[in-house]
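Please read all numbers here as calculations on a predicted model, not as lab measurements. Order of the sequence lines fixes the chain letters, A, B, ..., with proteins taken first and strands second; residue numbering starts at 1 for each chain. Only this structure's heavy atoms are used, side chains among them; waters, hydrogens and symmetry mates stay out.
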Number of protein chains: 2
Amino acid sequence: MRVVTTARTPTRERRSRRAEILDAAAELFAARGFHGVSIEDIGGAVGTSGPALYRHFSGKEALLAEMLLDISERLHASAAERVTAAPDAESALDALLAGQIEFALSHPALITVHDRELGNVPEPARRRIRRLQRLYVEEWVTVLSELHPGCPPPRLRAATHAVFGLLNSTPHSAGELPPEAMTPLLHAMARAALAEARR
Amino acid sequence: MRVVTTARTPTRERRSRRAEILDAAAELFAARGFHGVSIEDIGGAVGTSGPALYRHFSGKEALLAEMLLDISERLHASAAERVTAAPDAESALDALLAGQIEFALSHPALITVHDRELGNVPEPARRRIRRLQRLYVEEWVTVLSELHPGCPPPRLRAATHAVFGLLNSTPHSAGELPPEAMTPLLHAMARAALAEARR
DNA sequence: CGGTGATGTTAGTCATCGTTAACGCCACCG
DNA sequence: CGGTGGCGTTAACGATGACTAACATCACCG
């Protein structure tokens, strides 16, 4: 059979195709959930159709795994850097807050997928992601322990998760405020909330 | 034949089958997402198998719609009651906080589904749910406006959403703290965070 | 008693989905 | 040039899922 396909020039390689697919998939997963998005949807979102995706990922779950792994690594690495660069616990906390807020405001889809879709990641990768998430939380808890000595770690962990919820609420209030106003507001609210954990 | 929608409960079981199905479905939706749960899964969770569900709901989407509608109505009704019963804005805010915290702690699955699955509700019901959610938020914004006069409503709305994120983080920190400790912690953190919205 | 309606059951149907197969371009490299 | 490999295509396949059909049970009530 004769296939008169569109003769496109694949020489254009402005950005890695993998990254392009990951971005599109993140947007779709955030909007409709992992199982609500088909391979065809993802392919369509990057201009190719369907199974072209398998040239870049071994499957749908592997795609998700790589996405979550990348997010967890970026968050944890950024936190570790910021904490070691800070002169004291006070500024370390501010740096952690600034990092999380910046990430949440600039990548709302990634944040959304990050705390919704862990359950769909197959087992080998799931553990690695969990580990990174735990390390990230412990980064916060360590700083807070220094700030609130004598406060039991479980309480600090609960407070940390609560603050994550506060900061990650960004996707739900999209458009309410411009980022220049949202950033200091979230920072102030989170800081005040964490001060209450002291008991 | 006339369709009589006022269903007289046959009282075969101690609890309505509908409610039993809704509870099981909420748990499953929260854990795996709407599209990650099959009709067979839901049936299996209540001891029946598969299509028995259609004796109680017209379909999977209708089930979700009823679930979200019920949640939104309960939240909004509770908020309206509490606000009108409160003597002043200060205690109204405390009552709103207490209500949301109690709901989030006792029904984590419902809270999870409530802010994740709106996109899967078909259109006639979606608008009603959105409207109730908006009314609920406005209940908070009205109280906060009285507490922080001169503060622009968009800022108060953003702060309210952020506090919802904080309070609804409960499902993510399950087991960190017992409810007796979690309740006052969340209340204090939320109150401190909202005080910062004053600018 | 016989009928009726509420509530189950199992066996399909039809659409969709993830994945694989088989093939076509085309850039690059010996 | 000719092959090789990266990257895309369409066509199929097998599994699964939502939903329907046809039938069973059984309490209840005239």
Side-chain angles (χ1 to χ4, degrees), chain A residues 1-25 28-29 31-67 117 119-123 125, chain B residues 1-22 24-25 28-29 31-67 117 119-122 125:
Chain A
M1 68 190 63
R2 186 88 76 78
V3 184
V4 191
T5 44
T6 63
R8 82 166 46 74
T9 59
T11 54
R12 296 291 295 277
E13 195 178 342
R14 50 184 183 280
R15 208 152 111 276
S16 158
R17 209 65 203 259
R18 284 177 71 86
E20 204 176 344
I21 292 174
L22 283 168
D23 283 1
L28 290 170
F29 289 165
R32 312 211 288 268
F34 181 72
H35 294 291
V37 176
S38 73
I39 292 292
E40 205 79 29
D41 291 335
I42 301 173
V46 297
T48 84
S49 209
L53 194 143
Y54 288 85
R55 299 294 171 190
H56 305 274
F57 299 92
S58 69
K60 200 185 169 191
E61 289 186 333
L63 193 161
L64 179 68
E66 176 157 335
M67 188 165 122
E117 308 290 5
N120 294 117
V121 175
E123 220 355 303
Chain B
M1 174 183 302
R2 217 130 59 81
V3 180
V4 183
T5 48
T6 58
R8 273 175 295 117
T9 56
T11 64
R12 289 170 41 88
E13 306 285 334
R14 47 184 173 279
R15 210 155 110 275
S16 159
R17 208 68 204 258
R18 284 178 71 88
E20 204 177 344
I21 293 173
L22 283 167
L28 290 169
F29 289 165
R32 311 211 290 268
F34 180 72
H35 294 290
V37 176
S38 72
I39 290 294
E40 204 78 28
D41 291 335
I42 301 173
V46 297
T48 82
S49 208
L53 194 143
Y54 289 88
R55 299 294 172 190
H56 305 274
F57 299 93
S58 70
K60 202 184 166 191
E61 289 186 332
L63 193 161
L64 179 69
E66 176 158 332
M67 189 167 121
E117 308 291 5
N120 294 118
V121 175

* Indicate yes or no: at least one non-hydrogen side-chain atom of A:His35 is less than 4.5 angstrom from one of B:Phe34. => no

* To do: Answer with yes or no whether A:Arg55 presents, from its side chain, a donor or acceptor under 3.5 Å of a partner atom in the base of D:dG6.
  => no

* Roughly, in whole Å, what's the span from CD in A:Glu61 to P in C:dC17? -> 16 Å

* Flag side-chain contact, heavy atom, 4.5 Å: B:Phe29 against B:Ile42 -> yes

* With respect to the phosphate group of D:dG6, does any side-chain polar atom (N or O) of A:Arg17 fall under 4.0 Å of OP1 or OP2? -> no

* How would you label the contact of B:Val37 with the nucleic acid (heavy atoms, under 4.0 Å): base, sugar-phosphate, or nothing? -> sugar-phosphate

* **B:Ser49 side-chain proximity, nearest of D:dG8, C:dT10, D:dC19** => C:dT10

* Could you tell me the separation between the CG atom of B:Leu64 and the P atom of D:dC19, rounded to a whole number of Å? => 12 Å

* Presence of B:His56 side-chain N/O under 4.0 Å of C:dA6 phosphate oxygens OP1/OP2 -> no

* **A:Ser49 to A:Glu40 - nearest heavy-atom pair and separation** => OG-OE2, 3.2 Å

* To do: Mind checking A:Gly50 for me? I need base, sugar-phosphate or nothing, with any heavy atom below 4.0 Å counting as a touch.
  => nothing

* Among C:dT19, C:dT7, D:dC7, the nucleotide that comes nearest once only the side chain of A:Lys60 is considered -> C:dT19

* To do: Starting from P on C:dT13, measure out to CD1 on B:Ile39 and report it in whole angstrom.
  => 20 Å

* Report the distance from atom NE2 of A:His35 to atom C1' of D:dA18, rounded to the nearest whole Å. => 16 Å

* **d(CG, A:Leu53; C1', C:dG18) in whole Å** => 11 Å

* For B:Glu40 and C:dA11, give me the distance from atom CD to atom C1', rounded to whole Å. => 12 Å

* Structure fact -> With the side chain defined as heavy atoms from C-beta on, B:Tyr54 is closest, among D:dT9, C:dG18, D:dC19, to D:dC19

* Asked: Closest to the A:Ser38 side chain: D:dG8, D:dG17, C:dG18?
  -> C:dG18

* Does some side-chain heavy atom of B:Arg55 sit less than 4.5 Å from a side-chain heavy atom of B:Arg17? -> no

* Looking only at non-hydrogen atoms, find the nearest pair between A:Ala45 and A:Leu28 and report the distance. => CB-CD1, 4.1 Å

* Selection from D:dT20, C:dT9, D:dT9 that lies nearest to any side-chain heavy atom of B:Pro51 -> D:dT20

* To do: To the nearest Å, give me how far apart CG (B:Leu63) and P (D:dC19) are.
  => 10 Å

* What's the CZ-P distance between A:Arg18 and D:dG6, to the nearest Å? -> 13 Å

